[in-house]
Amino acid sequence: MGRPRQADLDERIKRSAVAVLGEQGFAGLSVNRVCQRAGVPRPTFYRRWPSAVAALVDAFNDRFDDALLTDTGDAKTDLLSFATSVRNRYDDAVVSVCLPAIHEARRHEPALIAPILEAQRQRRKANVSTLTKALAEQGHEPVLGAFEILFTLTAAIDQGYLAGRPLADDFLERLVTATLR
């Protein structure tokens, strides 16, 4: 049956994959470099992932496991909480290292990041479904649909990050209010 996986070892390997990406980019991301940085032999790595990119994808997607909109019965509060959480993820060390490389890979080698994009698509689909249901149950009839509301919020947050000007709490609140009109 083998030894059980060690979560701390998995995390160390994923942190190493992120560090190598930050230093070398996707072109320098290799199992050898990740293993050397993590201080683990290659067989240990390969028992967990088939490639360095796969370890990196797991490290990145782990940061978004809870990036789902919740429905507490108050759409405005739920959207504001969601938007704040999304904005705050940009402060995460893994996200801040990975995002520039992911944006670059999206233009030049989209297949590299296909698992990240698929996980993002699944989260978006769940969030749109949750918001659609919440809006209907709470009697909201905004001009924008659920997809457009979520797109507007996340696009504004992304642009704030790219411009080096994270959105302030009061701006997020006004934006959420405006999208629900």
Side-chain angles (χ1 to χ4, degrees), residues 1-70 81-130 150-151 153-169 172:
M1 179 126 148
R3 289 182 282 187
R5 287 179 57 171
Q6 301 167 307
D8 59 329
L9 181 59
D10 290 0
E11 288 305 311
R12 187 170 81 218
I13 295 169
K14 289 188 278 189
R15 279 193 312 272
S16 295
V18 171
V20 170
L21 176 73
E23 294 165 1
Q24 313 260 338
F26 274 110
L29 185 63
S30 70
V31 170
N32 285 340
R33 285 188 175 116
V34 171
C35 289
Q36 182 179 25
R37 185 175 193 98
V40 299
R42 288 169 47 114
T44 298
F45 180 94
Y46 281 118
R47 279 194 290 274
R48 290 157 171 79
W49 298 281
S51 69
V53 171
L56 179 75
V57 165
D58 276 358
F60 185 79
N61 282 339
D62 286 352
R63 297 309 196 264
F64 293 90
D65 280 347
D66 64 345
L68 295 174
L69 180 67
T70 57
S81 176
F82 171 77
T84 301
S85 176
V86 170
R87 181 210 49 207
N88 292 345
R89 288 196 198 288
Y90 286 106
D91 293 332
D92 181 278
V94 171
V95 173
S96 65
V97 167
C98 290
L99 272 181
I102 289 168
H103 285 295
E104 185 69 16
R106 178 177 269 162
R107 287 195 308 258
H108 301 290
E109 294 185 71
L112 271 179
I113 59 166
I116 290 172
L117 298 177
E118 178 56 24
Q120 182 183 47
R121 190 183 73 72
Q122 291 298 326
R123 286 189 301 272
R124 185 182 312 112
K125 183 178 177 182
N127 288 337
V128 167
S129 177
T130 298
L150 292 167
F151 180 84
L153 293 173
T154 56
I157 292 164
D158 288 345
Q159 288 304 307
Y161 163 75
L162 292 172
R165 297 184 58 174
L167 303 186
D169 290 341
L172 279 178

Count the heavy atoms of every other residue, nucleotide or ligand shown that sit under 6.0 Å from [atom1] of [X], and state whether that count exceeds 12.
X	atom1	value
Phe64	CZ	yes
Glu109	CD	no
Gln36	CD	no

Are [X] and [Y] packed together at the side-chain level, in the sense that at least one heavy-atom pair is separated by less than 4.5 angstrom?
X	Y	value
Arg124	Val128	yes
Val40	Arg12	yes
Val94	Lys14	no
Arg42	Asn32	yes

Can you give me the closest heavy-atom contact between [X] and [Y], atom names plus distance?
X	Y	result
Pro100	Val95	CD-O, 4.5 Å
Thr130	Leu69	CG2-O, 3.5 Å
Ile113	Ile102	CD1-O, 3.6 Å
Ala17	Ala55	CB-CB, 4.3 Å
Cys98	Leu56	SG-CD1, 3.7 Å
Leu167	Gly160	CD2-CA, 4.4 Å

Is there a side-chain contact (heavy atoms from CB on, under 4.5 Å) between Arg106 and Ile116? Walk through the geometry before answering. CA-CA 10 Å; Arg106 178 177 269 162; Ile116 290 172; over 6 Å; no
Donor-acceptor pair, Arg89 side chain versus Arg63 backbone, under 3.5 Å? yes
Determine, stepwise, if the pair Leu68 / Arg123 fulfils side-chain contact (heavy atoms from CB on, under 4.5 Å). CA-CA 6 Å; Leu68 295 174; Arg123 286 189 301 272; 4.1 Å; yes
Measure the spacing between [atom1] of [X] and [atom2] of [Y] and express it to the nearest 0.5 Å.
X	Y	atom1	atom2	result
Ser16	Leu29	OG	CG	11.0 Å
Leu9	Arg47	CG	CZ	9.0 Å
Ile157	Thr84	CD1	OG1	7.5 Å
His103	Arg107	NE2	CZ	9.0 Å
Trp49	Asp58	CH2	CG	6.5 Å
Ile13	Arg15	CD1	CZ	10.0 Å

Restricting to side chain to side chain donor-acceptor pair (under 3.5 Å), what partner residues turn up for Glu23, sequence neighbours left out? Arg37
Which of these, Thr154, Asp169, Leu153, sits in a side chain to side chain contact (heavy atoms under 4.5 Å, CB included) with Arg87? Asp169
